[in-house]
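Order of listing sets the numbers, starting from 1, for every ligand and every atom in it.
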Amino acid sequence: MKQDMIVILDLGSTKNTVLARNIRDLGVYSEIHPHDITAEELKRLENVKGIILNGGENRIVDGNAIDVLPEIYDCGCPVIAIDHPTAKCDTCLSALPVESALKEFLFTQCQAQPNWNMKNFIADQVELIRQQVGGRKVLLALSGGVDSSVVAALLIKAIGRQLVCVHVNHGLMRKNESESVIEVFKNQLHANLIYVDAVDRFLDKLANVSDPEEKRKIIGGEFIRVFEEEARKLDGIDFLGQGTIYPDIIESGTKTAKMVKSHHNVGGLPKDLQFELVEPLKQLFKDEVRACGIELGLPESMVYRQPFPGPGLGVRCLGAITRERLEAVRESDAILREEFEKAGLDKKVWQYFTVVPDFKSVGMKNHARCFEYLVIIRAINTVDAMTATVEKIDWDILEKITNRILEEVKHVNRVCYDMSPKPPATIEFE
Ligand code: XMP
């Protein structure tokens, strides 16, 4: 990393990431580190122009207020504290409005250059990836999700066909999703892409399995087996590319936060696949990952796609999955997405999808009784997916979507709109 850096030392604040984001928005790269970082470790970070001691509500650990090591003050760059002065630092950033105080600290006291932008990030990473990988090969599980797509595009820019992408179609993808992965990566970016059609294999394993947790386990476990089989067919792979992003690292690394989420690595690959990791996005927040994807030329539809659960449509085809109902979920979801896009709701609503339960209801079609499935529409807004509110959709739009689903989706005679916030409901049904 050649760019200037401001280091935030976590003294128990819950707003470390907000501060890091504010600094990056001002064009200066910023990282969060634990309060007990040593001067030696700090030196290894390179280009550190200033340090912010970020105190907060979790400062008391086991009855004592935590502090930084005294040697930190002698590291040769300005040190400033936020909120709880520390033993040696009584300068307080919050004396001024945050933005002007930050600007004064970054650009006057630290003399930091505002050179954090995606062009520079990509140029740096391309160089670092080439140094790390040399002439060897990298394997990547390319799901088509935002993170794996952006990693793939960045690795292709850096090492071209030394990257081997494996796209597993588990049959639970949305309409045209695998096709779009192939179109973008194989046809446009000329990626070395292995497409694995594992649809029958997954659906056979899932047949008659109705317990949601069991379904998730089968999907996750089977994914690893398919990926492992493909990896073993390949020769000379030394590296595994991963879409790890900055929140994954800080959420698993904090020493003061009360809620610690474990760092999930993509696909949960088996330990006996001995690879070195390549994680070029591990410094980026989600919106920076998207900006990076756009800069690399990925289509907006891929980069701005809404969150999609790993088990895919499998958790939206409720109960034991059947091909008939899975198709109804896929087709109704495609209609919903198309109409949301037309109405501009795709940019406004955080997550929206359809669900098909495993029961039928009575209806009338062509003057005759029918007994068919129902489609539930769900559209929610949230900041962090921990709580969610329901989007108040215009009645005319809902009516249009309903009519299209009833006309175009086979085996469906009823459409409902889910009005439940989270809590008590979760966003997904399973
Ligand atoms: P819930 O249903 O727990 O969902 O309110 C919160 C958010 O997480 C997504 N989700 C998942 N994402 N693997 C994922 O990668 C999963 O197994 C999974 N389950 C739920 C869900 O879509 C929502 O955005």
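Nearest protein neighbour of atom 15 (O) of ligand 1, counting heavy atoms only, is Gly310 N, 3.3 Å. In terms of protein heavy atoms, atom 8 (O) of ligand 1 is closest to Ala385 CB, 5.0 Å. Shortest contact from atom 20 (C) of ligand 1 to any protein heavy atom: Glu428 CG, 3.8 Å. Atom 3 (O) of ligand 1 has Lys422 NZ, 3.6 Å as its closest protein atom, hydrogens excluded (heavy atom only). In terms of protein heavy-atom proximity, atom 19 (N) of ligand 1 is nearest to Arg216 NH2, 3.2 Å. For atom 12 (N) of ligand 1, the nearest protein heavy atom (residue, atom name, distance) is Pro309 CA, 3.5 Å. At the top of the distance list for atom 4 (O) of ligand 1, counting protein heavy atoms only, stands Ile427 CB, 3.9 Å.
When atom types are taken as modelled, the side chain of Asn413 and the backbone of Ser361 share a donor-acceptor pair closer than 3.5 angstrom. With hydrogens and angles disregarded, no donor-acceptor distance shorter than 3.5 Å links the side chain of Asn192 to the backbone of Val164. At distances below 3.5 Å, not a single donor-acceptor pair connects side-chain atoms of Gln242 with backbone N or O atoms of Leu277.
The side chain of Trp350, and not its backbone, has at least one atom closer than 4.0 Å to an atom of ligand 1 (non-hydrogen atoms only; side chain from C-beta on). With a 4.0 Å cut-off on non-hydrogen atoms, Pro311 touches ligand 1 through its side chain and not its backbone.
Ligand 1 has an N or O atom lying under 3.5 Å from an N or O atom of Gln351, backbone or side chain.
In this structure, atom 23 (C) of ligand 1 has protein heavy atoms in its sub-4.0 angstrom surroundings.
Gln3 and Asn115 share no donor-acceptor pair across their side chains, judged by distance under 3.5 Å alone. Between the side chains of Thr14 and Glu57, at least one donor N or O lies within less than 3.5 Å of an accepting N or O. Remark: the Glu288 side chain and the Gln283 side chain contain no N/O donor-acceptor pair separated by less than 3.5 Å.
A cation-pi arrangement is not found for Arg337 relative to Phe308, the charged atom failing to lie both closer than 6.0 Å to the ring centre and inside a 45° cone about the ring normal.
If you number the atoms of ligand 1 from 1 as listed, the ones under 4.0 Å from a heavy atom of Thr426 come out as 1 (P), 2 (O), 5 (O).
The residue from Asp238, Leu163, Val278, Leu240 that alone fulfils the side-chain contact (heavy atoms from CB on, under 4.5 Å) condition with Leu139 is Leu240.
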